[in-house]
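Read the numbers this way: they start at 1 and go in the same order the structure lists the ligands and their atoms. These values consider heavy atoms only, across backbone and side chains, with no hydrogens, waters or symmetry-generated copies.
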Amino acid sequence: MNSPTRILFVCLGNICRSPAGENVMRHLIEQDGLQAQFEVDSAGTADYHIGNPADPRMIAAASRRGIVMTGRARQVKVSDFSDFDWIFAMDRSNYEDLLRIKNRCANPTVRLVSFCDFCKNHSHNEVPDPYYGGLEGFDEVLDLLEDGCAEFLQCWKDGTLR
Ligand code: 4NP
């Protein structure tokens, strides 16, 4: 069997968007029975929340969709750029921070992409940071994540990932 596809979701704090991405993707993978084919994780570019669980507002919003939020925040590290096949950046600033690290890596093998490139039903260029906003922001994040994750998985199944 092929080695698993390894995906890392990255945002700023690793307590709202990227852990939600990790758990939305895992939820979809489990629905398809593809657990053996994937490894999914998340991290933050910042160190503010290392060791913390996800934000309770995101835990509650995900729970309403039947998604259980697991994991504790960690910061992105250089080895992520060779340990993962894909890094999904949530917003432009995350992407630029990640690109700067990638450019310092001796042998980066990862594909660094902007997550919203996979969204089929939304025209957003970024997954907006919900941290300082209202509760509706957390649902908007989940809408985008469900859209892009479903599309990524469909492309993976179709063999059309470029
Ligand atoms: P995240 O959201 O990047 O989606 O996890 C944030 C979490 C914390 C902060 C900012 C964004 N903060 O400034 O502490």
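For a heavy-atom separation below 4.0 Å, the residues in contact with ligand 1 are Cys11, Leu12, Gly13, Asn14, Ile15, Cys16, Arg17, Tyr48, His49, Asp129, Tyr131, Tyr132.
Although no hydrogens or angles enter the test, the distance criterion places a donor-acceptor pair under 3.5 Å between the side chain of Asp147 and the main chain of Lys120. Between the side chain of Gln75 and the backbone N or O of Thr45 there is at least one donor-acceptor pair closer than 3.5 Å. Under a 3.5 Å cut-off, the side chain of Asp55 and the backbone N or O of Arg57 do form a donor-acceptor pair.
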For residues 6-33, which side-chain N or O atoms pair as donor and acceptor with protein atoms under 3.5 Å away, sequence neighbours left out?
from	atom 1	to	atom 2	distance (Å)
Arg6	NE	Asp83	O	3.2
Arg6	NE	Asp85	OD2	3.2
Arg6	NH1	Asp83	O	3.0
Arg6	NH2	Asp85	OD1	2.9
Asn14	OD1	Arg74	N	2.9
Asn14	ND2	Ser18	OG	2.8
Asn14	ND2	Ser42	OG	2.9
Arg17	NH1	Asp91	OD2	2.9
Arg17	NH1	Val127	O	3.0
Ser18	OG	Ala43	O	3.3
Glu22	OE1	Ser42	N	3.4
Glu22	OE1	Ser42	OG	2.7
Glu22	OE2	Arg26	NH1	3.2
Glu22	OE2	Arg26	NH2	2.8
Asn23	OD1	Arg26	NH1	3.2
Asn23	OD1	Thr70	N	3.4
Asn23	OD1	Thr70	OG1	3.0
Asn23	ND2	Pro19	O	2.8
Asn23	ND2	Thr70	O	3.3
Arg26	NH1	Thr70	OG1	3.3
Arg26	NH2	Val40	O	2.8
His27	NE2	Gln31	NE2	3.3
Asp32	OD2	Lys157	NZ	2.8

Show the atom names and distances, to 0.1 Å, of all donor-acceptor pairs under 3.5 Å that link a side chain in residues 100-107 to residues at least two apart or in another chain.
from	atom 1	to	atom 2	distance (Å)
Arg100	NH1	Asp97	OD1	3.0
Asn103	ND2	Leu99	O	3.3

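Applying the side-chain contact (heavy atoms from CB on, under 4.5 Å) test to Asp143 and every residue at least two apart in sequence or in another chain returns Arg65, His122.
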